[in-house]
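Below is one structure; the comments refer to it alone.
Remember, predicted model here, so these are calculated numbers, not experimental data.
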Amino acid sequence: MTIYILFLLLLAILSEFCYNYTMSITNEQLEHLAILSRLELKDEEKTQFQDQLSDILDFVDQLQNINTETVEPMHHITGLETVWREDVVQEFGDREELLDSAPERQGDYIKTKPIF
Amino acid sequence: MDIVELSLKQLHNELKAGNLTVSDIVGAYKNNFDKTENKIKAFIHTDWDEIEKKAQELTPDKIKNSNSVLQGVPVGIKDVLMTHGVQTTAGSKILEGYKATYTATAVQKLFDAGALMVGKNNCDEFAMGGSTENSGFFPTHNPYDLSRVPGGSSGGSATAVATRQVVFSIGSDTGGSIRQPASFCGVVGLKPTYGRVSRFGLIAMASSLDSVGPITKSVEDAAYVLEAIVGHDSYDSTTTDSKPEKYTDAIDRSVKGMKIGVPKQIDLASLSSEVQEQFQQSIDWLKDSGVEVVEIDLQHLKDALAVYYVIMPAEVSSNMAKFDGIRFGQTADKADDLLSFYMKTRGEYLGAEVKRRIMMGTYVLSSGYMDEYYVKAQKVRRIIANEVKQAFGDVDAFFLPTTPTPAFEIGEKTMNPIDMYLSDIYTVIANIVGIPGISVPSGMIGELPFGVQFLGKHFDEATILALANVIEKKRGNLPQPKILSNL
């Protein structure tokens, strides 16, 4: 009897594990992602993106089947290493023009919303 | 003589001989533009008044002494490239009305060589898409069939060239965005090696994958434009010191004895019989020219797409952080504090695909998931790079279709993002490992053009140009886009 119960427990734990592995992105995860991404989403967008992002994640999950145990991540593709230059100031662009691109400008300052 | 069918070299010769003026050339292209643009919408912004003024200033006297093949030539520039004083939107509403504060290096080189800008070509928003349907403004229509997409993200560029609104255009390619629309529109699209052409002034999508390159009506024209835009740039530290070649000489190089590899993994048999037939015909043309065609094994070719859809969104999420409504661009109306200002501005003005990719990138880089997704993808990237390097030990170039099918219908692939992503299956590998690629039209499938693709070794644009030239010569003329023949 105890073995039977233990067996059921084991199945329950396993199915919980498997369910988590194939679960789509949860509502909370999507909300969290939207905030991290600094994107305010409408309700329809939230539902749509939840489905679509889950599909995309399922698609890229195929990478998990590839053995990369002895492989180093590749960061640069043409073998270039750190490129150095002299630490000398160079003039660039029209300062006024650059400042003028800002939606809200005050003299030489660019205005933003309060942070606190 | 049909002015709009002349090559860059022919235009230059006619100008120097005094048979044509720059105004004649601009006029001929404007004629096509006026008759077609309302139906195909290849441009977000044009300024024909400005270009006509410049054309008048380029008198025969000035042209007589010019040695630049690009002098006086009307061109399009994809709207992801900065053009000083001219609206640059990257196809996005968030930059509507934004005037660029400097010019991209590659574009400046064209201007220095005398090219005249017609305007900014339409594209998928921030170059994210494979059909130009993601443009924040309007879709562009395929000139061979208006109900179909021109491809993307450089759809406006490819369309403008195919419709003879411009002599050539400059686009960008992060996962196939120059080559795929070139295939769909019956024109040549060249993605140079990463580092060949400066990315300074290219509004960045994915910084380890982006590439700037020409879309032209012939391989020879692509060679001329490539010559003009290559070079080390101190403003882009990922540009190479590797010396460029004289590409316009290289295209006539004999291909006899060259060996090309068709990857087993492209699974030709799964493609339509018309595509298979066309691809086989191209192989026959190459063999007739003395090229040896073998099968190669790129075991992880198909995984390149999954690698791309992890690494690219990760880099996108980082690059898109600059659009915060503070220093440039549109802003949200009501927001009390900085965080809600960011969220409302980006939420309101960025399109769906851009948002999806930003969130995907944020996810794969987030704590707890970074190893599983981002680092994993970077490891598979190395595996693919090693496989490619090994294959190039045996062959001079890879040969495969550019796309699995010709142009699909507008709206056909917008329901499921993955359907759209799959159209990049043959192109992304070039961006993942940084090698050059060219799409050249091989013929028609029904009434739609179709392109085949050569991928070359790093910095070996010369070989793929020579091979593409063979296909073009054997193919002969393509039929005109319906929109032109119906005029």
Tell me which of these, [options], has more heavy-atom pairs under 4.5 Å with chain A than the rest.
options                                : result
B:Lys344, B:Glu348, B:Gln330           : B:Lys344
B:Tyr374, B:Phe459, B:Tyr235, B:Tyr308 : B:Tyr235
B:Met320, B:Lys302, B:Met360, B:His458 : B:Met360
B:Ser366, B:Gly347, B:Gly361           : B:Gly347
B:Gly195, B:Ala352, B:Gly434           : B:Ala352
B:Ala385, B:Ser317, B:Ala335           : B:Ala335

Options [options], ranked by heavy-atom pairs under 4.5 Å with chain B, top entry:
options                            : result
A:Val83, A:Leu98, A:Asn65, A:Val60 : A:Val60
A:Leu30, A:Leu57, A:Leu80          : A:Leu57
A:Thr112, A:Leu36, A:Ile56         : A:Ile56

Non-hydrogen atoms of [X] and [Y] that approach each other most closely:
X        : Y        : answer
A:Leu39  : B:Met359 : CD1-CG, 3.9 Å
A:Pro103 : B:Gly325 : CG-O, 3.4 Å
B:Lys355 : A:Leu41  : CD-CD2, 3.8 Å
B:Asp337 : A:Lys113 : C-CB, 3.8 Å
B:Lys376 : A:Gln64  : CE-CA, 4.2 Å
A:Lys111 : B:Ile326 : O-CG2, 4.4 Å

Flag the pair B:Tyr373 / A:Asp61 as yes when at least one side-chain heavy-atom distance between them is below 4.5 Å, and no otherwise.
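Result yes, sub-4.5 Å side-chain heavy-atom pair found.
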
Interatomic spacing from [atom1] in [X] to [atom2] in [Y] - rounded to 0.5 Å:
X        : Y        : atom1 : atom2 : value
B:Phe328 : A:Asp100 : CZ    : CG    : 14.5 Å
B:Ser340 : A:Glu40  : OG    : CD    : 8.0 Å
B:Arg357 : A:Leu53  : CZ    : CG    : 12.0 Å
A:Gln90  : B:Ser234 : CD    : OG    : 6.0 Å

Of the backbone (N, CA, C, O) and the side chain (C-beta and beyond), which part of [X] lies under 4.5 Å from a heavy atom of chain A, both, or neither?
X        : answer
B:Ala332 : neither
B:Ile418 : side chain
B:Tyr102 : side chain
B:Ala304 : neither
B:Tyr369 : side chain
B:Asn431 : backbone
B:Ile311 : neither
B:Ala377 : both
B:Tyr309 : both
B:Asp336 : backbone
B:Thr101 : both

Look at atom [atom1] of [X] and say whether more than 12 heavy atoms of other residues, nucleotides or ligands are closer to it than 6.0 Å.
X        : atom1 : answer
A:Tyr109 : OH    : no
B:Lys99  : NZ    : no
B:Lys389 : NZ    : no

Which is it for A:Thr68 and B:Val380 under the side chain to side chain contact (heavy atoms under 4.5 Å, CB included) test, yes or no, and what are the steps along the way?
CA-CA 7 Å; A:Thr68 52; B:Val380 180; 3.9 Å; yes

Can you list the steps and then say if B:Lys379 with A:Met74 is a side chain to side chain contact (heavy atoms under 4.5 Å, CB included)?
CA-CA 6 Å; B:Lys379 290 180 176 182; A:Met74 182 168 220; over 6 Å; no

Side chain, backbone, both or neither: which part of [X] has an atom under 4.5 Å from a heavy atom of chain B?
X       : result
A:Asn67 : backbone
A:Ile66 : both
A:Glu97 : both
A:Glu72 : both
A:Leu63 : both
A:Asp94 : neither
A:His32 : neither

Could you tell me whether a side-chain N or O of B:Arg327 sits under 3.5 Å from a main-chain N or O of A:Leu99, the two making a donor and an acceptor?
no

Mark yes or no for whether B:Arg346, through its side chain, and A:Arg38, through its backbone, hold a donor-acceptor pair below 3.5 Å.
yes

Taking the six-membered ring for Trp, are the ring centroids of B:Tyr421 and A:Phe59 within less than 6.0 Å of each other?
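That pair fails the under 6.0 Å test.
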
Which is it for B:Val433 and A:Ile77 under the side chain to side chain contact (heavy atoms under 4.5 Å, CB included) test, yes or no, and what are the steps along the way?
CA-CA 6 Å; B:Val433 303; A:Ile77 47 179; 5.6 Å; no

